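Position 1 is the first residue of the sequence, and the numbers go up from there. Because the structure is predicted, anything quoted here is derived from the model rather than measured. Note that ligands are numbered from 1 as they come in the structure, with each ligand's atoms numbered from 1 the same way.
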Amino acid sequence: MVQFPLTLSEDTSISSKDCMNPEQDDTLRQQSQEIWNQNAAFWDRLIGDTGNRFHRTMVEPAALKLLALTPGETVLEVACGNGAFARRMAEAGVQVLATDFSTGLLEHARRRTQHESISYALVDATEEEQLLALGQRRFDAAVCNMGLMDMPVIDPLFAALSRVLKPGGRFVFSVQHPCFNSNGANKTVELQDQDGELATIAAIKVSRYATPWTERAMGAAGQETPHYQFHRPINQLLNAGFRAGLVLHGLEEPVDEAEPNSSKWMAWSNFQELPPVLVGRFRLG
Ligand SMILES: C[S@@+](CC[C@H](N)C(=O)[O-])C[C@H]1O[C@@H](n2cnc3c(N)ncnc32)[C@H](O)[C@@H]1O
């Protein structure tokens, strides 16, 4: 999804400490929802019926591998966007309840979906009660692709997952890789003389990682209004699941395996040792 880490101005920064303030979380949630509605048409065009290349080559294969869906299962999708992954899962023969907090994106999702095995619902994943209302011990699996880093709080989601999943149920998430694909990680391409041959070295310089922060970010080139993102180092991301009684049960770090592209230096295919996505599977007890 995000291929263009940005330099952000000071006035869009909010400290991680402020984000722990529930009043501000509410304001952030509202603003975040408005922004996703404003950008809904843009994201719908970007993702289309079946996902963009970033999704199709990295997010989707890793998430499907970890989900290991079995026909007939019931799956909850959190932050489903325009429903591209829900449609992909429906093709695997499962029943999907796909949720998002953007009415705009849900409209696009419904317009693009013919599958009877998919239903959509408006749910704010930072509100535990809204998730619990979907049905306790109802789902064999749950998935949230490229969504957790857009949520100011993730404990309510994990707490709800521990109750809406069936015993042994799994939760698969994908996020921008917190080490290599954040606003604290800058891509560089350098020239190096290697025994008389000039070689280009693609690298990522990481200046921030350990402390969570909140910023406005452009998810993809051309997005008009930057949305809020909430950087969490890997320990904070995983500890949220552990606190809710989930155990980590699988991890993938897909890279872009397309041909390196010398006319587009910042393409992820030029950084094949540096995964832009982290995909994990938790399991309930
Ligand atoms: C980067 S998009 C990913 C969408 C989709 N999963 C995909 O991979 O194409 C992030 C999605 O998270 C949704 N989102 C952000 N915060 C949310 C929240 N608190 N509750 C539910 N959805 C949320 C947005 O509306 C948007 O659809």
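- At most 12 heavy atoms of other shown residues, nucleotides or ligands fall within 6.0 angstrom of atom CD in E257.
- Which parts of ligand 1 touch N145 is read off a 4.0 Å heavy-atom cut-off, strictly below it: atoms 3 (C), 5 (C), 6 (N), 8 (O).
- Of the polar atoms of D124, at least one N or O is found under 3.5 Å from an N or O of ligand 1, judged by distance alone.
- Using modelled atom types, one finds a donor on one side chain and an acceptor on the other under 3.5 Å when comparing D124 with T126.
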What side-chain donor-acceptor pairs closer than 3.5 Å can you find for residues 90-98, not counting sequence neighbours?
none

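- When heavy-atom distances to ligand 1 are checked against a 4.0 Å cut-off, N82 has no atom that comes that close, whether in backbone or side chain.
- Aromatic pair F158/F242: centroids not less than 6.0 angstrom apart.
- K187 forms a cation-pi arrangement with W268, by the criterion of a distance under 6.0 Å to the ring centre and an angle within 45° of the ring axis.
- By the neighbour-count criterion of 12 heavy atoms within 6.0 Å, atom CD of Q194 is densely surrounded, having more than that number from other residues, nucleotides or ligands.
- Counting heavy atoms under 4.0 Å from ligand 1, residue W36 touches it through the side chain alone.
- With a heavy-atom cut-off of 4.0 Å, H55 touches ligand 1 through its side chain alone.
- Under the 4.0 angstrom criterion for non-hydrogen atoms, G219 is not in contact with ligand 1.
- At least one heavy atom of V123 sits less than 4.0 Å from an atom of ligand 1.
- A centroid separation of 6.0 Å or more is found between the aromatic rings of F180 and F271.
- Close N/O approach between A79 and ligand 1 is found [any backbone or side-chain N/O within under 3.5 Å].
- Using a 4.0 Å cut-off between heavy atoms, L105 contacts ligand 1 through its side chain alone, with no backbone atom that close.
- The shortest N or O to N or O distance between D100 and ligand 1 is under 3.5 Å.
- Proximity of A84 to ligand 1, defined as any heavy-atom pair under 4.0 Å, is not found for any part of the residue.
- In terms of polar-atom proximity, A125 is counted as a contact of ligand 1, with an N or O under 3.5 Å from an N or O of the ligand.
- Contact check on E190 versus K205 returns no salt bridge, with no Lys/Arg side-chain nitrogen under 4.0 Å from an Asp/Glu carboxylate oxygen.
- Heavy-atom contacts of M146 reach the following atoms of ligand 1: 1 (C), 2 (S), 3 (C), 10 (C) (cutoff under 4.0 Å).
- Ring-plane geometry between H231 and W213 is classed as parallel, the angle between the planes falling under 30 degrees on a 0 to 90 degree scale with a further cut at 60.
- Interface of S102 with ligand 1, defined as ligand atoms under 4.0 Å from a residue heavy atom, comprises 25 (O).
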